[in-house]
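What you see below is based on every heavy atom in this structure, not just the backbone, and it leaves out hydrogens, waters and symmetry mates.
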2 protein chains.
Amino acid sequence: MPNRKIATPITLTEVKSACSNCNLHELCLPLGLSHAEIEKLDEVVANRRRLKRGEHLYRAGEPFDAIYAIRSGFFKTDVLLEDGREQVTGFQMTGELLGLDGISTEHHSCNAVALEDSEVCTIPFLHLEGLSREIQTLQHHFHKVMSREIVRDHGVMMLLGTMRAEERLAAFLLNLSQRFTARGYSPAEFYLRMTREEIGSYLGLKLETVSRAFSRFQEEGLIAVQQKHVRILSIPGLKQLMNHQQGRG
Amino acid sequence: MPNRKIATPITLTEVKSACSNCNLHELCLPLGLSHAEIEKLDEVVANRRRLKRGEHLYRAGEPFDAIYAIRSGFFKTDVLLEDGREQVTGFQMTGELLGLDGISTEHHSCNAVALEDSEVCTIPFLHLEGLSREIQTLQHHFHKVMSREIVRDHGVMMLLGTMRAEERLAAFLLNLSQRFTARGYSPAEFYLRMTREEIGSYLGLKLETVSRAFSRFQEEGLIAVQQKHVRILSIPGLKQLMNHQQGRG
DNA sequence: CGCGCACGTTGACATGGATCAAAGGGGCAA
DNA sequence: TTGCCCCTTTGATCCATGTCAACGTGCGCG
């Protein structure tokens with residue numbers, strides 16, 4: 001299934017992101033800015049970068065100097081322990097920001113990997129700070145985005161700390177559904193970009209457990225799933241699952 | 001339990017936090033500011049608030065308008081699910097900030113509870129934003145603090161997602177040790193301010209499991225523990241524990 | 001100063017999810 | 001188009017941690 005927005009002939013080196021033309025206003029940074037302000041932002045958001053599936057946008061330990069807005073595509077971020085254990089810390093889609101973790105130490109603290117061919121806007125961080133000293137709306141929006149990330153992380157902590165396997169998967173599917181909806185896609189039908197193992201890592205489960213939970217949801221008529229293609233048959237059913245089950249074992 | 005804000009002889013309304021005199025420079029917001037800049041900050045950090053043990057600094061759902069710097073004391077933050085399940089999202093000590101989660105929706109998204117008698121500085125958020133538009137250093141430091149919170153949360157996700165019970169507790173103790181050290185206290189000996197149940201909630205474990213892990217660490221000579229008093233006998237021993245164990249079940 | 005109760009410890013048992021194993025299925029490359 | 005490899009599914013078994021229960025213990029209030 002093609003998910004390409006742009007499959008273009010344009011020479012990339014000099015391409016401007018053109019926030020002014022971008023249809024991600026509501027999702028990305030600019031929100032309620034004047035025309036003049038958006039033009040300033042255009043100058044800051046200097047260029048785009050394309051990544052093929054499997055390619056790293058950045059790696060843990062690399063110097064940080066920019067955050068990235070996803071123009072199209074799908075990413076995962078993960079943290080690795082010395083002994084090789086991986087924790088997927090999030091999946092990011094169109095309009096979301098990547099790299100906020102790097103501000104803290106001026107080095108990236110996780111890896112960001114494209115799960116499909118993707119395109120991002122590079123936003124040099126010092127420029128963004130400069131501009132957000134000039135434009136209050138932008139400053140406030142940026143703070144909200146960072147705070148939203150913290151709140152999101154708390155939700156994941158809740159999920160990992162208190163929920164059982166099936167609740168976790170239900171929460172995961174409902175979250176994806178909601179984010180696809182916000183982007184104008186179907187709330188009920190989508191293709192997963194990540195493997196069962198990556199879902200498992202994100203949810204603190206083994207891939208077999210994820211697979212079994214998918215099968216069980218299917219048996220119960222909550223979803224129809226075939227490989228990476230998921231169709232949610234009962235959103236209320238999934239929601240109900242989360243309220244009625246007790247803490248995990 | 002009374003939920004009073006003020007229980008002191010001092011007239012609080014006019015008390016200044018006096019960042020200029022505060023010994024938390026390195027931990028809290030001001031860092032490398034000029035004298036004049038710190039005076040501006042003094043004006044923003046309008047007043048202090050005292051809380052007794054058990055008192056809420058704020059609750060999920062309340063309107064957000066300020067963040068708080070802990071001047072002294074110890075807090076927990078937690079999120080509650082409708083069915084009563086609790087996830088402790090963090091423990092905060094002197095010099096750390098509370099309330100960053102509220103920026104996102106302009107409502108607090110978690111509860112903050114004092115685990116001992118505590119004192120905080122109230123920092124009205126819009127004022128802080130105003131000042132950070134004027135003072136680049138302050139702006140940058142604030143962004144780092146928010147980013148650090150995101151990185152911290154990723155660490156907790158790693159802990160909850162991939163570690164076994166004893167690894168989690170070891171990581172928890174080492175983290176406390178390091179933070180006490182940074183505040184000039186002993187790295188090896190401290191009193192826990194929270195119950196086994198709260199530790200368990202934070203670590204995604206039941207209180208019995210936490211208690212057993214403490215006992216086992218003691219048997220192995222890694223710590224000496226009696227109720228809330230903990231003495232770490234071998235920091236390397238605890239660190240080693242985290243590297244050599246395999247993923248959880 | 002002493003009592004009561006919340007907190008902590010420990011034991012026995014239950015179980016959810018991990019682990020180990022093996023057999024499809026589908027997408028991508030040649 | 002075909003073949004290979006990665007991904008997924010499913011089954012059998014095991015084990016870490018949850019659950020239930022009973023007993024200690026020490027702090028705080030009166």
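Geometric assessment of A:Arg193 against the ring of A:Phe91 yields a negative cation-pi assignment under the 6.0 Å and 45° thresholds.
Distance from the side chain of B:Arg196 is smallest to C:dG8 among C:dG8, C:dA21, D:dA16. Checking C:dA18, C:dT10, D:dT17 against the side-chain heavy atoms of B:Ala165 singles out D:dT17 as nearest. Residue B:Arg164 has its side chain nearest to D:dA16 when only C:dA21, D:dA16, D:dA21 are considered. Out of D:dT9, C:dC28, C:dT19, the shortest distance to the side chain of A:Arg53 is found at C:dC28.
Taking atom CD of A:Gln227 as the reference point, atom C1' of C:dC28 lies 14 Å away to the nearest angstrom. Counting to the nearest Å, the C1' atom of D:dC23 and the CD atom of B:Glu208 are 14 Å from each other. Rounded to an integer number of Å, the gap from A:Glu166 CD to C:dA18 P is 12 Å. Separating the NZ atom of B:Lys228 from the P atom of C:dC7 is a distance of 7 Å, rounded to the nearest angstrom. Between the C1' atom of C:dT10 and the CD atom of B:Glu219 lies a distance of 11 Å, rounded to the nearest Å. Spacing between atom CZ of A:Arg216 and atom P of D:dT8 amounts to 21 Å, rounded to whole angstrom units. Rounded to whole Å, the distance from NZ on B:Lys52 to P on D:dG28 is 14 Å. At whole-Å resolution of the value, CZ in B:Arg193 and P in C:dA6 are 22 Å apart.
Using a 4.0 Å heavy-atom cutoff across all strands shown, A:Gln226 reaches sugar-phosphate atoms only and no base atom. When heavy atoms are screened at a 4.0 angstrom cut-off, A:Ser211 is found touching base atoms of the nucleic acid.
Counting heavy atoms of neighbouring residues, nucleotides and ligands inside a 6.0 Å radius, atom OH of B:Tyr185 does not exceed 12 of them.
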Practice task
Go through the steps for A:Thr77 and A:Gln92 under the test side-chain hydrogen bond (donor to acceptor under 3.5 Å, both in side chains), then give the verdict.
Solution key: CA-CA 8 Å; A:Thr77 48; A:Gln92 296 80 20; 3.1 Å; yes
Exercise for the section: With side chain to side chain contact (heavy atoms under 4.5 Å, CB included) as the test, would you mind laying out the steps for A:Phe217 and A:Leu173 before giving the verdict? Expected result: CA-CA 11 Å; A:Phe217 284 177; A:Leu173 291 174; 4.1 Å; yes
Handout entry: Stepwise side chain to side chain contact (heavy atoms under 4.5 Å, CB included) test for B:Val88 and B:Glu86
Key = CA-CA 6 Å; B:Val88 170; B:Glu86 175 195 32; 4.0 Å; yes
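OP1 or OP2 of D:dT10 has at least one side-chain nitrogen or oxygen of A:Ser215 nearer than 4.0 Å.
The base of C:dC7 is not paired with the side chain of B:Glu197 by any donor and acceptor separated by under 3.5 Å.
In terms of position along DNA chain C, the nucleotide closest to B:Thr195 lies nearer the 5' end than the nucleotide closest to the other residue of the pair B:Arg212 and B:Thr195.
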